[in-house]
Chemist: 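Got a structure for you, questions after.
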Amino acid sequence: MPHLNERQRRLILANEARILGHGGIRTVARIARVSESTVRKGVFELEAGGEPLAEGRVRKPGGGRQTAVERDPELLPALLRLVEPDERGDPMSPLRWTTKSLRNLAEELTRHGHAVSPVTVGRLLRENGFSLQAASKRLEGKQHPDRDVQFRYINEQVKAHQSDGEPVISVDTKKKEMLGQLLNPGRQWRPKGDPVEVEDHSFFFAPNGEVAIPYGIYDMTAGTGWVNVGVDHDTSVFAVESIRRWWHSRGSLDYPKAARLLITADAGGSNGYRYRVWKSELAALATETGLNITVCHFPPGTSKWNKVEHRLFSHITMNWRGRPLTSHEVVVRSIAATRTRTGLRVEAALDPRPYPLGVTVSKAQLQQLPIEYHPERGTWNYSIGPRGHSTCTSSVRAAPDTARQEALGILSDPRFTGMSHVELSALAERIAPDLGALREERLHRQRGRARRQEAGNHGRPALTPADKVLLAVVYLRHVTSQNVMAEMLSLNQHAIGPAIKDVRRALTEHGVVIAPTTLCFASSRDLIAFVRHGTLPPGRFSPSQALSDPVLTGMSRADLAALIERLSLRHAALVEKRRHQRRGGPRQPGTRGGVFRQKITDAERILAAVLYARKAGTRPALAEAFGIGLRTLNSALTEVQSILQEEGIELPPAATRFTTAADLLAAGRVLQEPLSNSDTPMS
């Protein structure tokens with residue numbers, strides 16, 4: 001019996017039962033210890049006389065238990081509907097936003113009346129061509145129409161430079177790493193049961209905010225890497241400084257006869273093709289090294305095609321996997337220890353210098369750079385030569401020190417600030433302690449929550465508290481705009497605007513009022529010319545000098561200044577009341593408070609009202625003389641005339657009434673000093 005299969009045993013037992021006759025089925029079943037139905041089924045098969053089964057078969061086709069799909073034909077369609085992509089599936093399905101595991105799928109099918117186990121669900125999915133798959137990084141955003149053409153052009157440039165023995169490098173910034181006893185993905189060999197212990201959260205770790213910023217340079221010809229590890233900010237100045245350090249330490253030694261340098265970079269980040277500072281710093285590097293630098297940018301969305309990504313950065317990540325980056329020394333040594341069997345060798349150096357944010361280059365400075373844009377997509381491909389650069393980029397490189405301090409010295413002229421240098425320093429010392437708290441309050445409103453960790457120490461800032469006070473005073477005096485100051489300091493408005501806003505709030509809390517002046521400049525060139533040579537460009541403040549002549553106003557300039565000082569506070573209160581009624585409420589915190597370039601200053605409004613009250617000129621003549629429209633003039637006259645009436649000030653009529661602006665201006669004598677609100681602008 002142990003040597004027979006199921007059918008053979010059944011037929012042998014049935015044959016013995018037939019031989020015994022009546023009662024044979026029970027006797028055989030009891031002796032063989034099988035079911036009587038098994039013996040009886042064999043007897044029926046022998047008596048039926050069917051054909052023998054095919055070789056190797058025990059049962060006829062169709063025998064055995066039915067599959068789940070045969071028992072429930074609606075099971076498979078219901079399962080396929082659940083695992084369809086979300087954009088085609090049932091929008092009301094509970095599994096649309098749930099992980100579609102086998103257990104969840106089985107529970108959902110059972111809930112809809114299709115009882116099934118997770119094992120059966122897995123078998124059905126495999127039979128229908130499904131498998132477990134992770135997301136694949138293949139989408140590269142919007143495909144630029146010149147993408148493939150740019151790839152071919154970069155390849156041609158690389159081959160041309162390499163055939164001539166010129167250096168070709170691929171550059172980019174690796175991910176910024178936070179320093180501390182923090183988790184670094186990956187595993188490494190350690191004694192069993194003794195893993196490296198790290199913090200479970202990083203929100204409140206590293207209160208000083210220490211970070212490491214690796215900027216990599218990969219030599220595509222030699223197959224070597226060089227990494228500059230920064231500690232401050234990833235700026236364009238830092239990017240070019242990294243290339244400069246590579247050239248002095250490796251490039252000039254490996255390519256002593258080089259005349260050209262090809263740089264391949266992605267389209268964004270600190271080495272993006274849109275940044276003027278990037279091109280300006282490259283021009284300085286070209287002048288310093290004598291190289292003709294060619295830059296080819298990869299199209300947007302294709303940064304991973306850059307060689308430095310998968311030939312340098314990937315190996316660095318694998319080398320320090322599972323190791324907490326606790327200090328800058330650990331980062332530098334881990335990078336320098338990176339090796340591959342194909343011959344990759346990496347050098348690393350720490351760059352502790354500060355690289356402040358906000359440094360910018362004007363369009364005029366960019367146009368002076370020796371940049372030659374290629375005929376093939378010049379936006380992405382350009383060359384920068386070493387010629388004719390000493391007058392345009394040296395000032396940009398010196399901006400954090402020499403040029404910026406010189407610009408701040410020009411802006412601190414007492415004629416602009418309305419106070420002496422001693423008074424300005426005293427004001428800065430009085431206001432500076434509050435600027436830090438006001439900045440934190442402003443950032444708190446922007447974030448909508450409290451700071452998660454303390455502010456990091458990222459080196460020397462672009463502007464000191466005293467510099468911020470100076471810029472705010474000059475701006476509140478209406479001397480010039482933020483754009484002009486940003487151009488003079490080689491900064492952008494994001495570094496100046498918030499600082500001025502914080503200083504203005506501090507001045508308000510301390511009760512300090514900065515009165516505007518009519519000495520306004522529309523360009524840095526005019527402002528510098530006034531400080532150095534005392535020349536006044538044709539502007540809207542020149543008519544004020546002529547119109548404030550005693551011949552027209554009927555009073556001396558000192559009396560006119562005293563009148564303006566007397567009426568200015570009431571005029572400011574009247575304007576604020578009118579604006580309050582227009583807004584329907586008080587000013588919101590952090591608003592500019594009316595600090596912007598006006599068509600006509602408050603002092604000029606009072607002067608216009610004085611001239612009109614004396615009937616020295618008609619409304620059209622006064623509007624044309626001040627360079628404003630009739631609507632603006634009428635609004636100014638309405639505001640000031642009501643104050644004159646309340647103060648009981650009566651002005652005698654002028655001897656002549658002029659109907660044209662030319663005659664009105666010709667009647668006045670232009671003096672050297674412009675009209676100001678008062679002799680002491682700060683109160």
Chemist: Of all heavy-atom pairs between V346 and L344, which one has the smallest distance, and what is that distance?
Modeler: CG2-CG, 4.0 Å
Chemist: Quick one: do E241 and R353 satisfy side chain to side chain contact (heavy atoms under 4.5 Å, CB included)? Show the steps, please.
Modeler: CA-CA 10 Å; E241 180 61 25; R353 286 173 291 185; 2.8 Å; yes
Chemist: Quick check: does any side chain N or O of Q8 sit under 3.5 Å from a backbone N or O of N5, one acting as donor and the other as acceptor?
Modeler: yes
Chemist: Flag yes if more than 12 heavy atoms outside Y153 fall under 6.0 Å of its OH atom; otherwise flag no.
Modeler: yes
Chemist: Contact between P356 and H233 at the side-chain level, heavy atoms closer than 4.5 Å - yes or no?
Modeler: no
Chemist: Is there a donor-acceptor contact under 3.5 Å from the side chain of K100 to the main chain of L82?
Modeler: yes
Chemist: Indicate yes or no: at least one non-hydrogen side-chain atom of L262 is less than 4.5 angstrom from one of C296.
Modeler: yes
Chemist: Go through the steps to decide whether T38 and L13 satisfy the test side chain to side chain contact (heavy atoms under 4.5 Å, CB included), and finish with yes or no.
Modeler: CA-CA 9 Å; T38 300; L13 295 176; 5.6 Å; no
Chemist: So, K159 side chain and I154 main chain: donor-acceptor pair closer than 3.5 Å or not?
Modeler: no
Chemist: Might you work through the side-chain hydrogen bond (donor to acceptor under 3.5 Å, both in side chains) test for D266 and S303, ending with a clear yes or no?
Modeler: CA-CA 5 Å; D266 55 17; S303 61; 4.7 Å; no
Chemist: What's the verdict on side-chain hydrogen bond (donor to acceptor under 3.5 Å, both in side chains) for S270 and S236, showing C-alpha distance, side-chain angles and the deciding distance?
Modeler: CA-CA 5 Å; S270 58; S236 297; 5.7 Å; no
Chemist: Please check this pair: side chain of H328 against backbone of V229, looking for a donor-acceptor N/O pair closer than 3.5 Å.
Modeler: no
Chemist: Are side-chain heavy atoms of T173 and I213 found at a separation under 4.5 Å?
Modeler: yes
Chemist: Using 30° and 60° as the class boundaries, would you call the ring planes of F151 and W305 parallel, tilted or perpendicular?
Modeler: parallel
Chemist: Determine whether more than 12 heavy atoms belonging to other residues, nucleotides or ligands lie under 6.0 Å from atom CD of E127.
Modeler: yes
Chemist: Check step by step if side-chain hydrogen bond (donor to acceptor under 3.5 Å, both in side chains) holds for Y215 and D172.
Modeler: CA-CA 6 Å; Y215 191 91; D172 197 9; over 6 Å; no
Chemist: Are more than 12 heavy atoms, taken from residues, nucleotides or ligands other than R187, located less than 6.0 Å from that residue's CZ atom?
Modeler: no
Chemist: Any Lys/Arg nitrogen of E36 or R30 sitting under 4.0 Å from an Asp/Glu carboxylate oxygen of the other?
Modeler: no
Chemist: Taking the basic N atoms (NZ, or NE/NH1/NH2) and the acidic carboxylate oxygens, is any pair closer than 4.0 Å for K175 and E177?
Modeler: yes
Chemist: Quick one: CH2 on W226 to OG on S242, what's the gap to the nearest 0.5 Å?
Modeler: 6.5 Å
Chemist: For Y382, does the six-membered ring have the charged nitrogen or CZ of K279 within the cation-pi criterion, i.e. under 6.0 angstrom from the centroid and within 45° of the normal?
Modeler: yes
Chemist: Taking R71 for the side chain and Q66 for the main chain, is one N or O donor matched with an acceptor at less than 3.5 Å?
Modeler: yes
Chemist: Are any side-chain N or O atoms of R321 and backbone N or O atoms of P185, one a donor and one an acceptor, separated by less than 3.5 Å?
Modeler: no
Chemist: May I ask you to check whether over 12 heavy atoms, not counting those of I19, lie within 6.0 Å of atom CD1?
Modeler: yes
Chemist: About how many Å separate NZ of K304 and CD of E309, when rounded to the nearest 0.5 Å?
Modeler: 4.0 Å
Chemist: Using modelled atom types only, decide if a donor and an acceptor are shared between the side chain of D219 and the backbone of A222 within a distance under 3.5 Å.
Modeler: yes
Chemist: Indicate whether the side chain of Q162 and that of T221 have a donor and an acceptor atom separated by less than 3.5 Å.
Modeler: yes
Chemist: Could you tell me whether the side chain of T235 reaches within less than 4.5 Å of the side chain of V277, counting heavy atoms only?
Modeler: no
Chemist: Checking Y273 against N381: is there a side-chain donor and acceptor pair closer than 3.5 Å?
Modeler: no
Chemist: Restricting to non-hydrogen atoms, name the atom on N15 and the atom on L46 that form the minimum distance, rounded to 0.1 Å.
Modeler: N-CD1, 3.7 Å
Chemist: To the nearest 0.5 Å, tell me how far R26 CZ sits from I31 CD1.
Modeler: 13.0 Å
Chemist: Donor-acceptor pairs are to be reported for all side-chain atoms of residues 114-121 against protein atoms at under 3.5 Å, with residues two or more places apart or in another chain.
Modeler:
from: H114; atom 1: ND1; to: D72; atom 2: OD2; distance (Å): 2.7
from: S117; atom 1: OG; to: T120; atom 2: N; distance (Å): 3.3
from: S117; atom 1: OG; to: T120; atom 2: OG1; distance (Å): 3.0

Chemist: For a side chain to side chain contact (heavy atoms under 4.5 Å, CB included) check, start with the C-alpha distance between L125 and L102, then their side-chain angles and the critical distance, and finish with the verdict.
Modeler: CA-CA 9 Å; L125 290 176; L102 298 181; 3.9 Å; yes
Chemist: Looking at Q150 and P299, would you say the former's side chain and the latter's main chain have a donor-acceptor pair under 3.5 Å?
Modeler: no
Chemist: Does R103 come within less than 4.0 Å of E107, counting only side-chain N to carboxylate O?
Modeler: no
Chemist: Give a yes or no on whether the backbone of S170 and the side-chain of N306 come within a donor-acceptor separation of less than 3.5 Å.
Modeler: no
Chemist: May I ask you to decide if R323's main-chain N or O and N184's side chain share a donor-acceptor pair within less than 3.5 Å?
Modeler: yes
Chemist: With rounding to the nearest 0.5 Å, note down the distance linking OG1 in T338 to CG in L312.
Modeler: 7.5 Å
Chemist: Using the rule given for side chain to side chain contact (heavy atoms under 4.5 Å, CB included), can you reason through T264 versus K307, listing the C-alpha separation, both sets of side-chain angles and the distance that settles it, and then say yes or no?
Modeler: CA-CA 9 Å; T264 63; K307 299 297 183 184; 5.9 Å; no
Chemist: Is there side-chain contact between Y218 and M220, with heavy atoms separated by less than 4.5 Å?
Modeler: yes
Chemist: Using a strict threshold of under 4.0 Å (side-chain N to carboxylate O), is an ion pair present between R245 and D351?
Modeler: yes
Chemist: Distance from L79 atom CG to N128 atom CG, nearest 0.5 Å?
Modeler: 7.5 Å
Chemist: Could you state the interatomic distance from OG1 (T67) to CG (L124), rounded to the nearest 0.5 Å?
Modeler: 8.5 Å
Chemist: Which residues satisfy the side-chain contact (heavy atoms from CB on, under 4.5 Å) test with E329, sequence neighbours excluded?
Modeler: S327, R333
Chemist: Would you call W320 and V331 a side-chain contact if the rule is heavy atoms closer than 4.5 Å?
Modeler: yes
